[in-house]
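A, B, ... follow the sequence lines: proteins, then strands. Residue 1 opens every chain.
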2 protein chains.
Amino acid sequence: MPAEDIQQLSLHCSDCPIRHRAVCARCESTELDRLEEIKYYRSFEAGQTVIWSGDKMDFVASVVSGIATLTQTLEDGRTQMVGLLLPSDFVGRPGRDSAAYNITATTDIVMCCFRKKPFEELMLRTPHIGQRLLEMTLDELDAAREWMLLLGRKTAREKIASLLAIVARRDAAIQLRVAQGQLAFDLPLTREAMADYLGLTLETVSRQISALKRDGVIELEGKRHVTVPDFDRLLCEAGDDSDGGFLV
Amino acid sequence: MPAEDIQQLSLHCSDCPIRHRAVCARCESTELDRLEEIKYYRSFEAGQTVIWSGDKMDFVASVVSGIATLTQTLEDGRTQMVGLLLPSDFVGRPGRDSAAYNITATTDIVMCCFRKKPFEELMLRTPHIGQRLLEMTLDELDAAREWMLLLGRKTAREKIASLLAIVARRDAAIQLRVAQGQLAFDLPLTREAMADYLGLTLETVSRQISALKRDGVIELEGKRHVTVPDFDRLLCEAGDDSDGGFLV
DNA sequence: CGATAAGTTGACTCATATCAAGCCCAGTGG
DNA sequence: CCACTGGGCTTGATATGAGTCAACTTATCG
């Protein structure tokens with residue numbers, strides 16, 4: 001859905017595409033009305049920085065559409081992605097007034113923003129928001145810990161396979177394109193972004209993708225479009241135990 | 001404080017050593033009474049496993065004293081620590097009935113447990129608990145992300161220095177032993193546990209500690225007692241920007 | 001058409017893992 | 001009291017996976 005459309009269409013929360021997954025998921029209609037009063041939309045183009053780590057941040061937000069990344073850096077420029085923000089994910093932390101990470105749009109994105117102060121007040125009066133935020137935060141913590149295992153202990157090949165498996169899963173869940181065993185999807189990240197996600201260099205990412213292709217684990221069409229002939233094979237390459245995680 | 005003492009002394013929450021930092025931190029005395037009704041203590045000896053990943057877990061808990069670790073493993077035995085549980089930290093997840101990680105006591109520990117079901121019900125009626133838990137979970141998420149940067153992008157030497165800095169900071173905060181610039185503390189982890197924390201092998205941990213000692217960044221007395229003559233030097237070795245984090 | 005960004009591939013280096021030997025020290029039992 | 005044992009740790013020699021540097025290909029866009 002193009003950014004302009006969303007900004008027009010979603011004036012009402014009830015029509016919002018992320019209505020049942022975002023922080024507001026549990027709100028009843030009167031609660032939604034309160035949120036409606038303090039919300040506003042912002043969009044960013046692919047490549048734009050939403051906010052720099054350390055900058056003052058006087059809002060919190062939900063990603064409505066598009067993808068953004070959360071990154072941390074060391075002074076010498078080494079950077080590590082610490083989160084991938086997908087539609088319905090929450091940005092910012094109530095009770096903190098500067099950004100802890102760099103946030104960058106990797107595709108065009110639309111965010112549903114709330115000024116922090118009113119949002120915090122609303123949260124105190126509206127347990128449903130806090131409850132949902134707790135749930136989402138616990139999920140993110142689990143995801144972060146899964147990622148720690150990947151970063152600390154997996155080989156480059158396993159890292160790539162894990163990333164592909166996660167993207168494939170998410171795509172399958174969203175698009176419901178459960179074409180019998182044969183999955184296909186587009187990578188939403190550049191090789192460099194993948195490297196930052198996986199704690200590798202972009203050259204290693206490129207080599208391992210080539211290797212997986214050479215070994216028939218995946219097929220490539222162009223640089224970004226991936227087909228997975230045998231998902232179990234991919235999972236096996238990822239090194240996880242059978243299930244490996246859960247749908248995102 | 002020895003385990004037996006705590007189990008005797010802390011019959012009343014008001015005397016509890018973690019009263020102001022744990023999930024119950026914001027509770028008022030009537031709320032505390034409710035918690036009091038459903039709580040019970042359990043202790044574990046150093047080395048004991050508290051629970052295995054995947055096992056049924058019908059309680060949640062706060063660590064009262066001692067240290068435990070959260071670890072994940074791959075089938076072939078590679079293991080990664082994903083969390084360090086210190087006094088006041090919370091264990092378990094409301095709304096989930098099996099453990100997601102292995103929990104192991106690295107020292108003797110005492111935990112203040114709540115049966116999950118009553119705790120969940122209490123949480124719905126007592127916003128203060130949910131609020132505090134959200135706050136704590138957000139802190140843990142930040143810590144996990146800090147750790148992702150370490151795992152993905154830091155060198156072995158920087159990883160060791162970072163770990164030492166964190167332990168030193170925590171110790172200084174707790175013990176208030178702000179002996180002018182000169183910090184000293186005991187490592188609460190074996191070389192192997194450090195390796196699992198840092199995504200290294202135990203040999204590399206050992207070598208890097210020796211190297212830091214040789215270079216005068218730290219001094220060792222025995223295997224576990226560390227003295228840091230110049231904390232800024234250590235921070236510099238850790239590769240973080242000046243502040244590097246926050247007190248834990 | 002250049003020009004630029006994304007991606008691939010090769011040659012070489014280097015940090016960390018791996019394998020192996022041995023030290024230190026506390027605890028145990030003869 | 002001493003030999004023995006085992007866990008925690010250190011150190012050395014060697015192997016290897018991933019990083020680095022550099023050249024080249026593709027695709028896209030003015």
Side-chain angles (χ1 to χ4, degrees), chain A residues 45-48 69 74 76-80 104 106-107 150-164 186-215 218-226 237 239, chain B residues 45-48 69 74 76-80 104 106-107 150-164 186-215 218-226 237 239:
Chain A
E45 290 173 16
Q48 264 189 306
T69 63
L74 265 12
D76 62 6
R78 282 176 285 175
T79 102
Q80 175 66 49
T104 312
T106 66
T107 65
L150 176 146
L151 289 172
R153 294 304 188 190
K154 288 190 178 179
T155 64
R157 172 182 263 241
E158 289 169 334
K159 287 178 177 181
I160 297 288
S162 301
L163 178 59
L164 293 175
D186 284 310
L187 285 169
L189 302 171
T190 65
R191 299 289 187 261
E192 185 177 24
M194 288 188 245
D196 285 343
Y197 206 155
L198 301 170
L200 297 170
T201 58
L202 99 219
E203 293 95 328
T204 298
V205 170
S206 184
R207 274 188 251 274
Q208 295 299 336
I209 288 181
S210 298
L212 288 175
K213 177 181 165 189
R214 194 161 49 243
D215 298 346
I218 58 171
E219 285 153 27
L220 278 183
E221 190 179 332
K223 309 298 186 187
R224 297 292 193 88
H225 192 79
V226 179
E237 292 284 355
Chain B
E45 289 173 16
Q48 264 190 306
T69 63
L74 266 11
D76 62 6
R78 282 175 284 175
T79 103
Q80 175 65 50
T104 312
T106 66
T107 66
L150 176 146
L151 290 172
R153 295 304 188 189
K154 288 191 178 178
T155 64
R157 173 182 264 242
E158 288 169 335
K159 287 178 176 180
I160 297 287
S162 301
L163 177 60
L164 293 175
D186 284 311
L187 285 169
L189 302 172
T190 65
R191 300 290 187 259
E192 185 177 24
M194 289 188 244
D196 285 343
Y197 207 155
L198 301 170
L200 297 170
T201 58
L202 102 217
E203 293 96 329
T204 299
V205 169
S206 183
R207 274 187 248 274
Q208 294 300 334
I209 288 180
S210 298
L212 287 175
K213 177 181 166 189
R214 194 161 48 243
D215 298 346
I218 58 172
E219 285 152 26
L220 279 182
E221 189 179 334
K223 310 298 186 185
R224 297 291 193 90
H225 192 78
V226 179
E237 293 284 354

| note | Rounded to whole Å, the CD-C1' distance (B:Glu192 to D:dC9) equals 11 Å
| task | Taking the side chain as every heavy atom from C-beta outward, state whether B:Ile218 and B:Ile209 have any pair of such atoms under 4.5 Å apart. | result | yes
| message | From CD1 of A:Ile160 over to C1' of D:dA18, roughly how many Å is that when rounded to an integer? | response | 12 Å
| Sub-4.5 Å side-chain heavy-atom contact between B:Arg78 and A:Thr155 | yes
| Interatomic distance, B:Arg191 CZ vs D:dG8 P [rounded to whole Å] | 12 Å
| message | B:Leu198 vs B:Leu163, test: side-chain contact (heavy atoms from CB on, under 4.5 Å). Steps then yes/no. | response | CA-CA 8 Å; B:Leu198 301 170; B:Leu163 177 60; 4.0 Å; yes
| task | Taking only the side-chain nitrogens and oxygens of B:Ser206, find out if one of them lies under 4.0 Å from OP1 or OP2 of D:dT11. | result | no
All N/O pairs under 3.5 Å across the protein-nucleotides 16-19 of chain C interface:
residue, atom, partner, partner atom, Å
C:dT16, OP1, B:Ala156, N, 2.9
C:dA17, OP2, B:Thr201, N, 3.4
C:dA17, OP2, B:Thr201, OG1, 3.2
C:dA17, OP2, B:Thr204, OG1, 2.4
C:dT18, O4, B:Arg207, NH2, 2.7
C:dC19, N4, B:Glu203, OE2, 3.2

| query | How long is the span from the CG atom in B:Leu150 to the OH atom in B:Tyr197, to the nearest 0.5 Å? | reply | 9.0 Å
| query | Please give, in whole Å, the distance from C:dC24 P to B:Glu221 CD? | reply | 17 Å
| query | What is the distance, rounded to the nearest whole Å, between atom NE2 of B:His225 and atom C1' of D:dG8? | reply | 19 Å
| query | Does any non-hydrogen side-chain atom of A:Val226 lie less than 4.5 Å from one of A:Leu187? | reply | yes
Under-3.5 Å N/O pairs linking protein and nucleotides 23-28 of chain D:
none

| said: Less than 4.5 Å apart, side chain to side chain, heavy atoms only: is that true for A:Arg191 and A:Asp196? | reply: no
| Do the charged groups of B:Arg157 and B:Glu237 touch, with an N to O distance under 4.0 Å? | yes
| field | Atom-to-atom span, CZ of B:Arg78 to C1' of D:dG17 - whole angstrom | value | 13 Å
| note | Rounded to whole Å, the CG-C1' distance (A:Leu151 to D:dA18) equals 15 Å
| request: For B:Asp186 and D:dG8, give me the distance from atom CG to atom C1', rounded to whole Å. | output: 15 Å
| Side chain proximity check, B:Thr190 to B:Lys223, heavy atoms < 4.5 angstrom | no
| task | Tell me, please, which residues at least two apart from B:Glu203 pass salt bridge (Lys or Arg N to Asp or Glu O under 4.0 Å). | result | none
